[in-house]
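Worksheet: the structure to be examined is printed underneath.
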2 protein chains.
Amino acid sequence: MAEQAGTPRRTPLSRERILRTAIALADTAGIESLSMRNLAQELGVVPMALYKHVANKDELLDAMIDMVVGEIDAPIPDTEWKQAIRGRILSARSALQRHPWAALAIESRNMATPAILGYLDSVVATLRSGGLSADLAHHVMHAMGSRVLGFSQELFDTTRDAGRSGPNTAPQPAALPPEIAARFPHLAEIATASHDETSVVGSGCDDQFEFEFALDLLLDGIERLQQRGWTSAHR
Amino acid sequence: MAEQAGTPRRTPLSRERILRTAIALADTAGIESLSMRNLAQELGVVPMALYKHVANKDELLDAMIDMVVGEIDAPIPDTEWKQAIRGRILSARSALQRHPWAALAIESRNMATPAILGYLDSVVATLRSGGLSADLAHHVMHAMGSRVLGFSQELFDTTRDAGRSGPNTAPQPAALPPEIAARFPHLAEIATASHDETSVVGSGCDDQFEFEFALDLLLDGIERLQQRGWTSAHR
DNA sequence: ACCTGAACACCGTTCAAGT
DNA sequence: ACCTGAACACCGTTCAAGT
């Protein structure tokens, strides 16, 4: 079960192979199943063997994050800044969606891996090249928050089973259970809102649409500030 | 050490007392120090005793979260919706700041405790009373994301030691270490931006300002959409 | 009837002993 | 010189044995 068919059983352990296996394990079994012991077993080695290639579990997680961030597309040159940022962020989003554990891992880490810093740096570069002041760019990065990296921590999360293999366990809870819908009438109302308008199947809401809605709200607001020559002194 | 001076050593265990102690422990020692065993020791009982009052650790965490959410101020009646929401969210923020572990706990939980649902419901109620359509209110809640609850997952977190007792360990890293400032010039530039403008001591940036900047950017954008009678069909 | 010590099945990580 | 079994100090939770 643990040994893969094609490879000779004694494929030498390498940092690369450890990272790929760790990511695959987290993707399919969930991040909570990623223990040094489980990972070692998956690789057919004794747990201690991993410590030859990674310092400890924290460093392993950092390296996994860096690999995911590395999947984000490079910026498209010669594009208007708003479109460039938009495309970049949507690419980040799809990378993070391929690895559902990554968003929370990034948040719980103290942050600041080289790959993340490189990505953020290039986003700032795009903002600056679009004519935004360093001052405004600074606040923009804060305002975007985790959305820069493609996730926004949806509060009522429709797809929270993050990290299950196979088809998503029950596509949607089919709106709210009636007893809590009664206790929280306004939530019930908006849960069923935008049914008629958008063409979403079932009662689920379109996460991608919500993400872009918020993203564009922010980008449009920022563009307006820039055009008005906003500085921190304004407020 | 574990027994408090004023109380008789046999203060009967109660859910209330367990929760208060758990929150205090997480506040002072950090969430990673909150184990059932540690908590029991703090209370002077055997770990198993806790299971008479809480089903398991997950339920304990949910109850702790609900208690923190309970600290959020009630909405001020008869206020214009934008101001009402703004005040509510800033109150949520200060509650979450008093308990630095809470934001991450909320995110990692599957979400949807009664207190959180009640809070979200009342925020939606305010939006609706301000004349926003259920459709727009829906998207607004998504756009706000975790900011509705007062946190935004700052990506470059200036105060990430969350959960240390005593004075904050070194107020600020004094800008970026020069070697990484060289590798990420645009980050370095915005890190030192808004120095002259705002009156922030040291090189830190004003988290509260950044939060309100983003909040107002969103609220202003939403107000404009509302005034224009925006619906999902627009896009 | 109530309480709890010991135990179970896990962690991440160390270290000395074996080849 | 290299590898690794056993061990350490933890987890959350169960359960049978003790009062």
Side-chain angles (χ1 to χ4, degrees), chain A residues 1-3 7-19 21-26 28-65 101 104-105 108-110 113 163-164, chain B residues 1-3 7-19 21-65 101 104-106 108-110 113 163-164:
Chain A
M1 183 196 198
E3 53 218 44
T7 54
R9 82 171 45 210
R10 259 316 175 108
T11 310
L13 216 43
S14 71
R15 192 176 160 92
E16 170 89 9
R17 202 160 78 89
I18 290 175
L19 290 179
T21 307
I23 288 174
L25 187 58
T28 59
I31 189 73
E32 75 285 350
S33 308
L34 180 73
S35 66
M36 298 300 274
R37 288 164 128 102
N38 269 347
L39 177 55
Q41 183 180 295
E42 196 77 12
L43 288 159
V45 300
V46 76
M48 227 297 286
L50 301 176
Y51 288 85
K52 278 274 134 72
H53 300 89
V54 295
N56 49 41
K57 192 178 181 182
D58 279 354
E59 203 235 354
L60 171 71
L61 281 169
D62 279 344
M64 289 168 66
I65 289 171
W101 48 271
L104 212 99
S108 33
R109 215 98 278 297
N110 267 22
T113 70
R164 290 231 157 273
Chain B
M1 186 197 199
E3 52 217 48
T7 55
R9 84 172 46 209
R10 260 312 176 108
T11 310
L13 215 45
S14 72
R15 194 177 159 90
E16 170 89 10
R17 201 159 80 89
I18 290 175
L19 290 178
T21 307
I23 289 175
L25 187 58
D27 287 349
T28 59
I31 190 72
E32 76 284 349
S33 307
L34 181 72
S35 67
M36 297 300 273
R37 288 164 129 101
N38 269 346
L39 177 55
Q41 184 181 296
E42 196 77 12
L43 288 159
V45 299
V46 75
M48 227 296 287
L50 301 176
Y51 288 86
K52 279 274 134 72
H53 299 89
V54 295
N56 49 42
K57 192 179 181 180
D58 280 353
E59 204 235 353
L60 172 71
L61 281 170
D62 279 344
M64 289 168 67
I65 289 171
W101 48 271
L104 213 99
I106 289 172
S108 34
R109 214 97 278 296
N110 267 21
T113 70
R164 289 234 158 271

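Just so it is clear, the values below take in all heavy atoms, side chains as well, and ignore hydrogens, waters and symmetry mates. In what follows, chains carry the letters A, B, and so on, assigned in the order in which the sequence lines appear, proteins first and then strands, with residues in each chain numbered from 1. Since the structure is predicted, the reported quantities are computational estimates derived from the model, not experimental observations.
A 4.5 Å side-chain heavy-atom check between Leu60(A) and Leu39(A) finds at least one atom pair inside the cut-off. Under the 4.5 Å side-chain criterion, counting only non-hydrogen atoms from C-beta, Lys52(B) is not in contact with Leu13(B).
Taking a pair as Watson-Crick or G-U with both hydrogen-bonding distances under 3.5 Å, the stems of three or more pairs touching DNA chain C are C:4-8 with D:12-16, C:12-16 with D:4-8.
Counting to the nearest Å, the C1' atom of dT4(C) and the CE atom of Met36(B) are 15 Å from each other. Gln41(B) places its CD atom 13 Å from the P atom of dG12(D), with the value rounded to the nearest Å. The CZ-P distance, from Arg37(A) to dC10(C), rounds to 10 Å in whole Å. For Leu13(B) and dT4(C), the CG to C1' distance is 14 Å, given to the nearest whole Å.
For the pair Ser33(A) and Asn38(A), the tightest heavy-atom approach, listed with the atom from each and the gap, is O-ND2, 2.8 Å.
Across residues 46-64 of chain A, Met48(A), Tyr51(A), Asn56(A), Lys57(A) each have a non-hydrogen atom less than 4.0 Å from an atom of DNA chain C (numbered order).
Qualifying side chain to side chain contact (heavy atoms under 4.5 Å, CB included) partners for Ala24(A), counting only residues two or more places apart in sequence or in other chains: none. Shown here are the salt bridge (Lys or Arg N to Asp or Glu O under 4.0 Å) partners of Arg15(A), two or more places apart in sequence or in another chain: Glu59(A). Residues satisfying the side-chain hydrogen bond (donor to acceptor under 3.5 Å, both in side chains) criterion with Asn56(A), sequence neighbours excluded, are absent altogether. Residues satisfying the side-chain hydrogen bond (donor to acceptor under 3.5 Å, both in side chains) criterion with Asp58(B), sequence neighbours excluded, are Arg109(B).
OP1 or OP2 of dC11(C) sits under 4.0 Å from a side-chain N or O of Asn38(A).
For dT14(C) and dG12(D), the C1' atoms lie 23 Å apart once the distance is rounded to whole Å. The same atom, P, is picked in dT19(D) and in dA7(C); the two are 16 Å apart, to the nearest Å.
Rounded to the nearest 0.5 Å, atoms CD (Glu16(A)) and OG1 (Thr21(A)) are 9.5 Å apart.
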